[in-house]
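Read the structure below first, then the notes.
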Amino acid sequence: MSPQLTDIHAELQWRQLIYQCTSDRLGSWLMARPRTVYAGFDPTSDSLHVGHLLPLLMLRRFQKSGHRPIALVGGATGSIGDPSGKSQERNLQSLEQIEANVVSIRQQMAGLLDFSSDRHSALGPALLVNNHDWISRFSYLDFLRDVGKNVPVNVMINKESVKNRLENPDVGISYTEFSYMLLQAYDFVHLNRTFGCELQLGGSDQWGNVTAGIDLARRMAGAEVFGMTCPLLTKSDGTKMGKTESGAIWLDPKKTSPYQFYQYWRNVADEDAGKCLRFLTELPQEEVDHLDQCRATEPAKAASQIRLAEWLTELIHGPAAMELVRQATEIFFGGEIGKFASDEDLNQVFAEVPSSELVAARLADGVSIADALVEAKLTKSKGEARRVVAEGGAYVNNRRVDSDTHLVTTADLSSPTMIVLRRGKKNYALLRIVD
RNA sequence: GGGGGGAUACCAAAGUGGACAACUGGGACAGACUGUAAAUCUGUUGUCUUCGGACUUCGCAGGUUCGAAUCCUGCUCCCCCCA
């Protein structure tokens, strides 16, 4: 039997995920039968980052409630650059680069969307499409005749994204970026014709592009399609969610380790935690409400942040990675380091930590704590190392070393060939014993 | 082209023959506190050390002196004023 539809509209409402909507009867429209919905992603990098999570989770929610999501990767539009929300003309990327990005992004999406089974929706599994496939087939002349003819320029120049750039004489806007909207609009028409797609999702900055698509679909195909935008996920201090001083938080574990990923969410400000729980998790309403309460009464426990971090880390990196992150977190925040049976496990927990090599013979004789700290590059000189020990800032296996005559020996091994050293709160280093 | 001022540690900035490994502020690093936040407080901040000290450092190279960041000579670089 075919999967049941659940009321996605009601869910999005309590999650406050609906910012704008082209129709006020969207709720019943979505309950009438399974629909095909799409959202677009720019392949500007070889990995998705936290900024992509919100729309991706939107598609996931739609799939889970019985609809069919299409993730559109903008191989064509990404090569042009969307002027929305951008103050400057973008640099163009090479087509090969974009092609490579599309391949790895598809893999990441497969973790969140079901591209293979139709158990979620009667319409079938989720789809991943690349607009380069159809847009590149157009000749310039054909595009102008078929698409351009249907779009009044006076409407285009009144769109927010274009208007901002036109009004600023310093940056301006190229004809190429100006045309971006047409391409995205045509995507909707194409998806509507090919897959019966009837709803486009996007961030609130996409409203202009979304409505352009709806207009175009009516003019070109006489089709009635819909659009919906989500609020943008911003932090209470006004900065972008998902950015740190050291750059974006990526979904690719090679670019942002699961531990860093977890820690990012673990450290979300209280003011932003409620929003994140609603926008970025699938926790039920009762639990979110409960966490809101806990946050108000016992902020120190950071229950919301922990739940958020665990939920997202498990979703993106899987339960096994989450378990290691849990272990690492325990250790990094004070726990003593017990014996690890294998170097492998210890290595995983301390994946971020730099390591240095130490000859086995030296360890057998015992290495002074100062030498060990220098060897592990935790201090620049022995003098500095001695000071750190005197200040109580030196640790072996998370146990404070209180005397600078302390010798590090084979008894300090935390796994068959490794010793964990630490200076201060968070500076860890591994000593690998080699022959 | 002429005249004047300057160069000190990660940064800023004192120090004008010995008490100077060099005041002070910032930064950084530890510790306490704390919610893995912020603020605050304390300590440290050239190298080595057998913890007694030893050695190297105030733009660069020489010199004077028992002794130089400090005085002299030359060089390099920077700033300002006049033309």
- prompt: Which of the following nucleotides, A37(B), C48(B), G35(B), is nearest to the side chain of K426(A)?
  reply: A37(B)
statement: The side chain to side chain contact (heavy atoms under 4.5 Å, CB included) partner of I337(A) among I331(A), V349(A), I419(A) is I331(A)
- prompt: Would you say U49(B) has OP1 or OP2 under 4.0 Å from some side-chain N or O of R386(A)?
  reply: yes
task: By nearest nucleotide on RNA chain B, pick out whichever of A300(A) and A394(A) is the more 5' one.
output: A394(A)
- request: Round to a whole Å and report the spacing from CG of L378(A) to P of A28(B).
  value: 19 Å
task: Name the closest nucleotide to the S381(A) side chain, picking from G35(B), G31(B), U47(B).
output: U47(B)
query: Is there a Watson-Crick or G-U wobble partner for G31(B) with both distances under 3.5 Å, and which nucleotide is it?
result: C41(B)
field: Whole-Å gap separating C1' (U36(B)) and CZ (R326(A))
entry: 17 Å
task: Using Watson-Crick or G-U wobble geometry with both distances below 3.5 Å, tell me the partner of C77(B), or none.
output: G6(B)
- request: Rounded off to whole Å, could you give me the CG-to-P distance for the D404(A) and A30(B) pair?
  value: 18 Å
message: By the 4.0 Å heavy-atom rule, please label R295(A) as base, sugar-phosphate, or nothing.
response: nothing
message: Taking the P atom in each of U42(B) and G26(B), what is the distance between them to the nearest angstrom?
response: 12 Å
query: Once you round it to whole Å, what is the distance between C1' of U47(B) and NZ of K382(A)?
result: 11 Å
message: Between A28(B) and G5(B), how many Å separate the two C1' atoms, rounded to a whole number?
response: 33 Å
statement: D371(A) CG to C48(B) C1', in whole Å, measures 12 Å
- prompt: If you measure from the P atom in A9(B) to the same atom in U47(B), how many Å do you get, rounded?
  reply: 15 Å
- prompt: Once the angle between the rings of Y428(A) and F350(A) is folded into 0 to 90°, is it parallel (under 30°), tilted (30 to 60°) or perpendicular (over 60°)?
  reply: tilted
field: Euclidean distance for C1', U76(B) against G59(B) (whole angstrom)
entry: 8 Å
message: I need the CD-P distance between E384(A) and U49(B), as an integer number of Å.
response: 14 Å
message: Taking the minimum atom-to-atom distance to the side chain of Y395(A), which one of G31(B), G35(B), U36(B) wins?
response: G31(B)
query: What pairs with Q108(A) under side chain to side chain contact (heavy atoms under 4.5 Å, CB included), at least two apart in sequence or on another chain?
result: S47(A), L48(A), L251(A), D252(A)
task: Check whether any side-chain nitrogen or oxygen of R423(A) sits under 4.0 Å from OP1 or OP2 of A30(B), and answer yes or no.
output: yes
task: Could you check if the base of G62(B) is syn or anti? Syn means the glycosidic torsion is within 90 degrees of 0.
output: anti
Nearest-angstrom distance from the residue atom CZ of F332(A) to P of G35(B): 22 Å
- request: Examine the side chains of N397(A) and S414(A) and answer whether a donor and an acceptor come within less than 3.5 Å of each other.
  value: yes
field: Rounded distance in Å between the C1' positions of G6(B) and C55(B)
entry: 31 Å
For A83(B), the Watson-Crick or wobble partner whose two distances fall under 3.5 Å: none
query: Between F226(A) and W29(A), how do the two ring planes meet: parallel, tilted or perpendicular, split at 30° and 60°?
result: tilted
task: Find out whether M322(A) and Y262(A) are in side-chain contact, i.e. whether some heavy atom of one side chain is under 4.5 Å from a heavy atom of the other.
output: yes
field: Aromatic plane relationship, F261(A) with W265(A) - under 30° parallel, 30 to 60° tilted, over 60° perpendicular
entry: perpendicular
message: So R266(A), base contact, sugar-phosphate only, or nothing? Heavy-atom distance under 4.0 Å.
response: base
- request: Classify the side chain of E391(A) versus the base of G43(B) as yes if they form a donor-acceptor pair under 3.5 Å and no if they do not.
  value: yes
- request: Could you give the distance separating C66(B) and C71(B) at their C1' atoms, to the nearest angstrom?
  value: 16 Å
- prompt: Rounding to the closest angstrom, what is the interatomic distance between U40(B) and G4(B) at atom P?
  reply: 48 Å
query: Between atom CG in L308(A) and atom P in G35(B), what is the gap in whole Å?
result: 21 Å
field: RNA chain B: 5'-proximal contact among K380(A) and N267(A) (nearest heavy atom)
entry: N267(A)
- request: Could you please name the option among G35(B), U45(B), A32(B) that lies closest to any side-chain atom of R400(A)?
  value: A32(B)
- prompt: Which part of the nucleic acid does Y264(A) contact within heavy-atom distance under 4.0 Å: base, sugar-phosphate only, or nothing?
  reply: nothing
Counter-base of G52(B), judged by Watson-Crick or G-U geometry with both distances under 3.5 Å: none
message: For U36(B), does the base pair up with any side-chain atom of Q263(A) as donor and acceptor (N or O, under 3.5 Å, distance only)?
response: yes
task: Please state the P separation for the pair C23(B) and A14(B) - nearest whole angstrom.
output: 14 Å
message: When both hydrogen-bonding distances must be under 3.5 Å and the geometry is Watson-Crick or G-U wobble, what is C71(B) paired with, if anything?
response: G63(B)
query: Does U36(B) have OP1 or OP2 sitting under 4.0 Å from an N or O in the side chain of K425(A)?
result: no
- prompt: What residues, two or more places apart in sequence or in another chain, satisfy salt bridge (Lys or Arg N to Asp or Glu O under 4.0 Å) together with D345(A)?
  reply: none
message: For a quick check of understanding: with a heavy-atom distance under 4.0 Å over all strands, which category does N427(A) fall into, base, sugar-phosphate or nothing?
response: sugar-phosphate
